[in-house]
K.L.:
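Got a structure for you, written out below as structure tokens; questions coming shortly.
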Amino acid sequence: MSNEKPSPFFLHPSSFLDDGVTIGNNTKIWHFSHILSGSNIGENCSFGQNCVVGPKVNIGNGVKVQNNISIYEGVEVEDDVFLGPSMVFTNVTNPRAFIVRREEFKKTIMKKGCSIGANATVVCGNTIGRYALVGAGSVINKDVKDFALMVGVPARQIGWVSVAGNRLEFDENNIAIDSFDNTKYKLQNDEVTLIEE
């Protein structure tokens, strides 16, 4: 009979966990993934197969990372972020195989609740705003506003989305209501805010 406590998270036997990593309760890390030293992963996260995290990456709670994603040092992921299959983060702006530029890694921030579609690329040094939605295959090369809907190469904003990810249509008073959950939004000075009631 073993006195060993069960792990509060799931790590598939084919995956590797380096020393100095913290992982929150109910997080699941599936096949062929590697979490490098100094990384911190929150609770209730899910990592698909063939993911790499770190070193020294912080990931919030409730984050969903689909298959084939590498989250490099310099990337910060807040709570409830969705990263679609095979999306890409870069970490330097002018890479060369023969020049080491680890000291030049740029900070890339994924704000709470944002979603990045499959095969999209986020160029380093940019911030994706709260609840923004980036379409599949898009290339983000500049900061993205909260609630913005972005598509294309390079990505351009084509509208606004709600917390639930639904397209927002604003009335003559610049108010939009998402019928999914009745949340209300205000468009002012080309910025969208959630109206708390």
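It should be emphasised that the depicted structure is a prediction, and the values quoted were computed from it without experimental measurement. Residues take their numbers from the sequence shown, with the count starting at 1.
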K.L.:
Could you tell me whether a side-chain N or O of Thr27 sits under 3.5 Å from a main-chain N or O of Gly42, the two making a donor and an acceptor?
P.N.:
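Yes, because the side chain of Thr27 sits within donor-acceptor range (under 3.5 Å) of the backbone of Gly42.
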K.L.:
If you take all heavy atoms of Val21 and Gly38, which pair is closest and at what distance?
P.N.:
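Between these two residues, the closest heavy atoms are CG2-N, 4.3 Å.
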K.L.:
Could you check whether any side-chain heavy atom of Phe82 comes within less than 4.5 Å of a side-chain heavy atom of Ile116, counting everything from C-beta outward?
P.N.:
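A side-chain contact under 4.5 Å is absent here.
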K.L.:
So do Arg156 and Val151 actually touch side chain to side chain, heavy atoms under 4.5 Å?
P.N.:
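Yes - at least one pair of side-chain heavy atoms lies under 4.5 Å apart.
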K.L.:
At their closest point, which heavy atom of Ile140 faces which heavy atom of Met150, and how far apart are they?
P.N.:
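Looking at all heavy atoms of both residues, the shortest contact is CD1-CB, 4.1 Å.
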K.L.:
Determine yes or no for a side-chain-to-main-chain donor-acceptor pair under 3.5 angstrom, with Arg101 supplying the side chain and Asn94 the backbone.
P.N.:
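Here the side-chain-to-backbone pair exists.
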K.L.:
For Asp18, which residues count as a side chain to side chain donor-acceptor pair (under 3.5 Å) partner, sequence neighbours excluded?
P.N.:
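His34.
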K.L.:
I'd like to know if the side chain of Asp143 and the backbone of Thr127 have a donor-acceptor N/O pair within less than 3.5 Å.
P.N.:
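Checked: pair present.
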K.L.:
I'd like to know if the side chain of Ser138 reaches the main chain of Gly152, judged simply by a donor and an acceptor atom lying under 3.5 Å from each other, with no hydrogens or angles considered.
P.N.:
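Checking the backbone N and O of Gly152 against the side chain of Ser138, a donor-acceptor pair under 3.5 Å is found.
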K.L.:
Donor-acceptor pair, Asp79 side chain versus Asn61 backbone, under 3.5 Å?
P.N.:
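Yes, because the side chain of Asp79 sits within donor-acceptor range (under 3.5 Å) of the backbone of Asn61.
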K.L.:
Grab the two heavy atoms, one from Ala164 and one from Asp181, that are nearest each other, plus how far apart they are.
P.N.:
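Residues Ala164 and Asp181, closest heavy atoms: CB-OD2, 4.4 Å.
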K.L.:
Looking at Asn173 and Ile175, would you say the former's side chain and the latter's main chain have a donor-acceptor pair under 3.5 Å?
P.N.:
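Answer holds: no.
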K.L.:
Kindly compute the distance separating CG (Leu36) from CD (Glu73), expressed to the nearest 0.5 Å.
P.N.:
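Here the interatomic distance stands at 10.0 Å.
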K.L.:
Could you give the distance from NZ (Lys186) to CZ (Phe170), rounded to the nearest 0.5 Å?
P.N.:
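One finds 9.5 Å between NZ of Lys186 and CZ of Phe170.
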K.L.:
Which value, rounded to the nearest 0.5 Å, describes the distance between Lys106 atom NZ and Asn91 atom CG?
P.N.:
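If I round to the nearest 0.5 Å, the distance is 10.5 Å.
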K.L.:
Taking salt bridge (charged side-chain N to carboxylate O under 4.0 Å, His left out) as the test, write out the residues that go with Glu76, two or more places apart.
P.N.:
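Applying salt bridge (charged side-chain N to carboxylate O under 4.0 Å, His left out) to Glu76 gives Lys107.
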K.L.:
Report yes if the side chains of Ile29 and Phe16 come closer than 4.5 Å at any heavy-atom pair, otherwise no.
P.N.:
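In short, these two side chains do not touch, never coming nearer than 4.5 Å.
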K.L.:
Over 60° means perpendicular and under 30° means parallel, so classify the ring planes of Trp30 and Phe10, tilted if in between.
P.N.:
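Because their plane-to-plane angle lies in the 30° to 60° range, the rings of Phe10 and Trp30 count as tilted.
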K.L.:
Hey, could you give me the CD1/CD1 distance between Ile109 and Ile128, rounded to the nearest 0.5 Å?
P.N.:
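If we round to the nearest 0.5 Å, Ile109:CD1 and Ile128:CD1 are 10.5 Å apart.
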K.L.:
Will you find, in the side chains of Thr108 and Asn126, an N or O donor that is under 3.5 Å from an N or O acceptor?
P.N.:
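No, Asn126 and Thr108 have no side-chain donor paired with an acceptor closer than 3.5 Å.
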K.L.:
Can you tell me how far apart CG (Asn26) and CD (Glu43) are? Round to the nearest 0.5 Å.
P.N.:
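It comes to 7.0 Å.
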K.L.:
Measure across Lys111 and Arg130 and return the closest heavy-atom pair with its distance rounded to 0.1 Å.
P.N.:
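Taking Lys111 first and Arg130 second, the nearest heavy atoms are CB-N, 3.4 Å.
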K.L.:
Should Tyr72 and Phe89 be marked as a ring pair (Phe, Tyr, Trp, His ring centres under 6.0 Å) after you check the CA-CA gap, both sets of side-chain angles, and the distance that decides it?
P.N.:
CA-CA 7 Å; Tyr72 304 113; Phe89 290 107; 7.7 Å; no
K.L.:
Quick one: do the Asn67 and Asn50 side chains pair a donor with an acceptor below 3.5 Å?
P.N.:
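No.
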K.L.:
I need the minimum non-hydrogen distance between Ala176 and Glu169, along with the two atoms involved.
P.N.:
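In this case the closest contact between Ala176 and Glu169 is CB-O, 3.3 Å.
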K.L.:
Enter the distance from Leu83:CG to Asn68:CG here, rounded to the nearest 0.5 Å.
P.N.:
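Reported to 0.5 Å precision, the distance equals 12.5 Å.
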K.L.:
Side chains of Gln66 and Lys64, heavy atoms from C-beta outward: is any pair under 4.5 Å?
P.N.:
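In short, these two side chains touch, coming nearer than 4.5 Å.
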